[in-house]
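A short worksheet on the structure shown next.
Because only heavy atoms are used, hydrogens play no part in the values below, and waters and symmetry mates are left out as well, while side chains stay in. A note on names: the letters A, B, ... follow the listed sequences, proteins ahead of strands, and every chain is numbered from 1.
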Amino acid sequence: MTYLDGLNPAQKEAVLHTKGPSMVIAGAGSGKTRVLTYRIAHLMHQGVDSFNILALTFTNKAAREMKERIGKITQPGEAKNLWMGTFHSVFARILRAEAEKLHYPSNFTIYDTQDAKSLIKSITKEMGLDDKVYKTGLVMNRISSAKNNLLSATAYCNNTDIQAEDRQMVRPKIGEIYKTYEQRCFKAAAMDFDDLLFKTNILLRDFPDVLYKYQHRFKYILVDEYQDTNFSQYLIVKKLGALNENVCVVGDDAQSIYAFRGANIQNILNFQRDYPDCKVFKLEQNYRSTKNIVGAANQIIEKNKDQLEKEVWTDNTEGPRIKVERTLTDNEEGNLVANSIIETRHNKQAQPQDFAILYRTNAQSRAMEEALRKKDIPYRIFGGTSFYQRKEIKDLLAYCRMTINPNDDEALKRIINYPARGIGKTTLDKVGIHANQHNKSFWSVISAEDLATLSIHAGSKSKIKQFVTMIKSFQALEKRANAYEVMEEIAKTSGISKDLFTDKTPEGIARYDNIQELLNGVKEFVEEGDDDEKEAIVLPDTVDGEAKNAKGLAIFLQDIALLTDADQGNDQDTNKVSLMTVHAAKGLEFPYVFIVGLEENLFPSQMALNSRADLEEERRLFYVALTRAEKEVRLSYSASRYKWGNLIYCEPSRFIEEIDERFLDYTAPETSEPFANERSNYFERSGQSKANFSAKSKSNGRSKTNKMGSKKEDKKVIPPHKKMVNVNDAKRAVDPSFASAAGKIDEGMRVEHLRFGKGKVTKLEGDEPNKKATIQFDKMGEKQLLLKFAKLRILKDK
DNA sequence: GTATTATCTAAGTCT
DNA sequence: TAGATAATAC
C-alpha cells in the first residue's frame, strides 16, 4: 500500500471510499488531482478492471497530466483500458460508435466555433435578417445555451418564456435560425461542440439498451472540475452513474469560472440532492502556496456571497508579500515582467519553466511576447489562435474533412474555390439555393445529376466536375493509404502547397512552414508505435465495425477539432516561460506567477460589471490566478493600453484594493498612502455602474434615464465611455511635457497632473529614484506622489 | 470571375 | 492593429 503513504488523512479517506457516491470539495492546491489519480490507482489495485473506469476531465491538458501520473503509480499496461478524457472527446467517441442510432454516419464532422458561426451567418443572410441585429456571436450563444439546457430547436420554438425573451430582445427569429441550423448540421453530418453533449443525452434517453450498455461498462465514474459542468454534462453523469452509483465528483466552488459557458454551481447542490447519502470530503490544506498567497486568496474570495463553507490553510512558509507594480504603457508592463524574470532567475536560480504570465484576455499576450523576445527569454504561449485554427491549416484540414465526410458543407465552402479555380460566388450561391431547397448537402448537388439541371455556365460546371473528381480521388486514396500519404497528396494536388510556396512574404513563408509542420505531425501519428497512454483514450471496441485503417486519415481527423495548442506533442523543450489566460491556467501551478493587466474594465472585464454574479465570477477567476503560484505572485497594471489600435487610459483593478495591505508590497506611485487616488476613483466607479445602467437602458430603446437620473448631483462622475479616451485625448497621456518633468520639480512649483489637475508642490522628500512630492491640488486636495511615476507638468516656477 | 483597394469592425474566457 | 468584407477596377 506504499502508494497511499503520501496522502494526508482527508485525502486518504477520499481515496479509500470507493463504493457509493462521493463528493470531494477541494480547495485550491489541496491535492485534488492527487486524490483523483490515487483513487483510480486504488480502484485498480482493488481489482477493478480499468475497462470499467471512466474519468472525465475538463481539459485535454488535465487528462493528459493525470494519465501520466497514473501511469507512474500503476503496473505497465494496467491502465490501458481506462477511459479518460474531456467530456467532449469521450462522448464524441461514444457517439461515433453509436452514430447510426441517431441517423448520423460514424465519420461525422465536428464543427468548431468558426464553422458554426459561418453557418449561422449564412442562415441569417438567407433569411434576409439584419446581421447587425442577429449578430452571429449572439445567436450562437443563444443556441449554445439552449443546447446546454437540453432544449432542441423545436422545444426552443415552443417554449413561451424563451420566445417572449427573444421578442423582448427584438430578436424573435432566433428559434427559426436554430431550427435551420439544426437541419443544416444534420444534412452536413456535422455536430458542434454542444451537440456532442446534447446528442449524447438524446442517445442515452432514447435508447435504453445503449444506456444499459454504458452503465454496465462504467462501473466507476470520476468527474474532475465538477463545478464547471453544465446541465447537459450533469445529466450525462447522472444517467451513466444511475446503475452502480459509484460516482465521485471533485470540485471547488471557489474556482468555478465557466458560468459563461453554462456551468452551474447548482450542480454541486444537485449532486447532494440526487444522492442524499453521498459522502462529502473536504480538502482544506493547501500544499502549493505560501501563507501569504493563501491569505490573500482567501481574503479575495471572502468577498463573494455565493460559496460553500470551507477554510483553506497551509503549513508552508510565510513567503514574500505580493508585489504590485504600475507602468505607464502595456509595453512597459511587458518589459517590467521580462526584467523581473531575469532578476528572479538570477537571484533564485529559477528556470524559465518556473514562471507563468497570466492575463485575462489573449490579446494581452502580445506586449508580453515582444518584451520576452527582446530579452531572449524562451516562452511558450498556450491557447490563443490555436495552430489548428490558422487559416492555412484549416484549409488543408477542410480538404481532409471533405475526403472523410464530403457532406461537410462548411469545409466545402471553404475550399471549393481555394486555391482559386474559377468557381465564384455566383456559382456557389446557385448550388446553395438548390441544395437548401432540396434539403441536400452541397456535395450531393454537385456530385450528382442535379448539377446538370442548374443554370450555371458550362465552364463553371466543368470546373466543378474537376473539383468533384479531385475529391473523389482523395477518397479512393484514403481507402488504401495512411493519413500522411493522403494529406501529402492533398496538399500537392489541391494546389495549397504551391499557392503558399509561391508567396514569399514573411507571412506566406510562415504559412508554408505551418503546413509542413502539420504534415510532420501526421507523419509522427502514422509512425508512432502503440503506446499505452495513447491507447487509454481510444475506444477499445471502436470505432465502427469495419476495422478501419488505424493509421488512416479518418482516425487522425477524429477529434482534431477538440484539440488545442496545449495538446500538441512537441514536448522537447518545455523549459520555457508559460503565457496563458487565467482560464487556461486552471489546474496548473508555477513557482512564480505574474498576473498582468490588473485594470478596471479588463480584469474584472468590462462586461462583468453589470451584475453581482458576473463580478463574482471575475473574482473567482482572480482567485484562481493567485492560487496558481507556489512561491511568489506579482501583480501589475498599466496606466494606458492599446485596444483596437486606440490608446485607452486605465484605472487599477478593484481586486488590488480588495487585498489587505499586509499581504502586499507596493511599488505603486503613492507609497505612504496606497491608492489614495484610486480610492477617489472608487467613488467614481460607484457611480459608474449607474452610468452604465442608464446607457444600457437607453440602447434598449426604453429610456430609464428618469429613474436613474435622480442622482443628478453626481456630476463629477465620469461615465465609462468618457474614461475610454479617444486617440486625440490620449495623446495628452503621452505628452512628453507631462512625462519628463520629474527631475526638475522643486518645492513651491506650480504643476499640473494629468488626472488631479493643477496644484502646488509643498514638500519634497526621499532620494531618487523614490523621490516623493506632496502636492496641494486646487481641486483634489493634498496628494503624495512618487515623482518617477507621477505624470506632472511644470506650469510656472515658484 | 479575379485581384486589388477601401472600409469596417472586432477582442472575453474554452470544448 | 488585423482580419474580414465590400467596393472597385480589370
From [options], pick the nucleotide closest to the side chain of [X]?
X: Ser460(A); options: dT15(B), dG1(B), dG12(B); answer: dG1(B)
X: Phe260(A); options: dC14(B), dA11(B), dG1(B); answer: dC14(B)
X: His88(A); options: dA11(B), dA6(C), dT15(B); answer: dT15(B)
X: Thr581(A); options: dA6(C), dA11(B), dT13(B); answer: dT13(B)
X: His583(A); options: dT15(B), dT1(C), dT13(B); answer: dT13(B)
X: Thr59(A); options: dT15(B), dG12(B), dA11(B); answer: dT15(B)
X: Ala584(A); options: dA11(B), dC14(B), dA3(B); answer: dC14(B)
X: Arg366(A); options: dA10(B), dA2(C), dA6(C); answer: dA2(C)
X: Thr427(A); options: dT13(B), dG1(B), dT2(B); answer: dG1(B)
X: Thr113(A); options: dT1(C), dC14(B), dT15(B); answer: dT15(B)

Please report the interatomic distance [atom1]([X]) to [atom2]([Y]), rounded to the nearest 0.5 Å.
X: Thr581(A); Y: Ile357(A); atom1: OG1; atom2: CD1; result: 13.5 Å
X: Phe87(A); Y: Asn230(A); atom1: CZ; atom2: CG; result: 8.0 Å
X: Phe655(A); Y: Glu599(A); atom1: CZ; atom2: CD; result: 13.0 Å

How is [X] classified with respect to the nucleic acid when contacts are heavy atoms under 4.0 Å: base, sugar-phosphate, or nothing?
X: Tyr258(A); value: sugar-phosphate
X: Lys132(A); value: sugar-phosphate
X: Lys463(A); value: nothing
X: Asp112(A); value: nothing
X: Asp194(A); value: nothing

Lys135(A) or Leu621(A), whichever maps to the more 5' nucleotide of DNA chain B
Lys135(A)

Map Tyr642(A) and His457(A) onto DNA chain B by nearest heavy atom, then report which one ends up closer to the 5' terminus.
His457(A)

Checking Asp395(A), Asp112(A), Asp115(A) against Arg414(A) for salt bridge (Lys or Arg N to Asp or Glu O under 4.0 Å), the one that qualifies is Asp395(A)

Without decimals, in angstroms, what is the distance between [X] [atom1] and [N] [atom2]?
X: Glu369(A); N: dT1(C); atom1: CD; atom2: P; value: 17 Å
X: Arg414(A); N: dG3(C); atom1: CZ; atom2: P; value: 13 Å
X: Ile595(A); N: dT13(B); atom1: CD1; atom2: C1'; value: 16 Å
X: Gln389(A); N: dA11(B); atom1: CD; atom2: C1'; value: 14 Å
X: Arg93(A); N: dT15(B); atom1: CZ; atom2: C1'; value: 14 Å
X: Met580(A); N: dT15(B); atom1: CE; atom2: P; value: 12 Å
X: Phe382(A); N: dT13(B); atom1: CZ; atom2: P; value: 17 Å
X: Leu197(A); N: dC14(B); atom1: CG; atom2: P; value: 17 Å

Has [X] got a side-chain N or O lying under 4.0 Å from the OP1 or OP2 atom of [N]?
X: Asn148(A); N: dT15(B); value: no
X: Asn362(A); N: dT13(B); value: yes
X: Lys643(A); N: dA10(B); value: no

So, does the side chain of Glu618(A) form a donor-acceptor pair with the base of dG12(B) at under 3.5 Å?
yes

I'd like to know whether NZ of Lys135(A) has more than 12 heavy-atom contacts from other residues, nucleotides or ligands below 6.0 angstrom.
no

Test side chain to side chain donor-acceptor pair (under 3.5 Å), reference Ser232(A), set Asp194(A), Asn148(A), Asn201(A), output is Asn201(A)

So, Ser122(A) side chain and Ser118(A) main chain: donor-acceptor pair closer than 3.5 Å or not?
yes

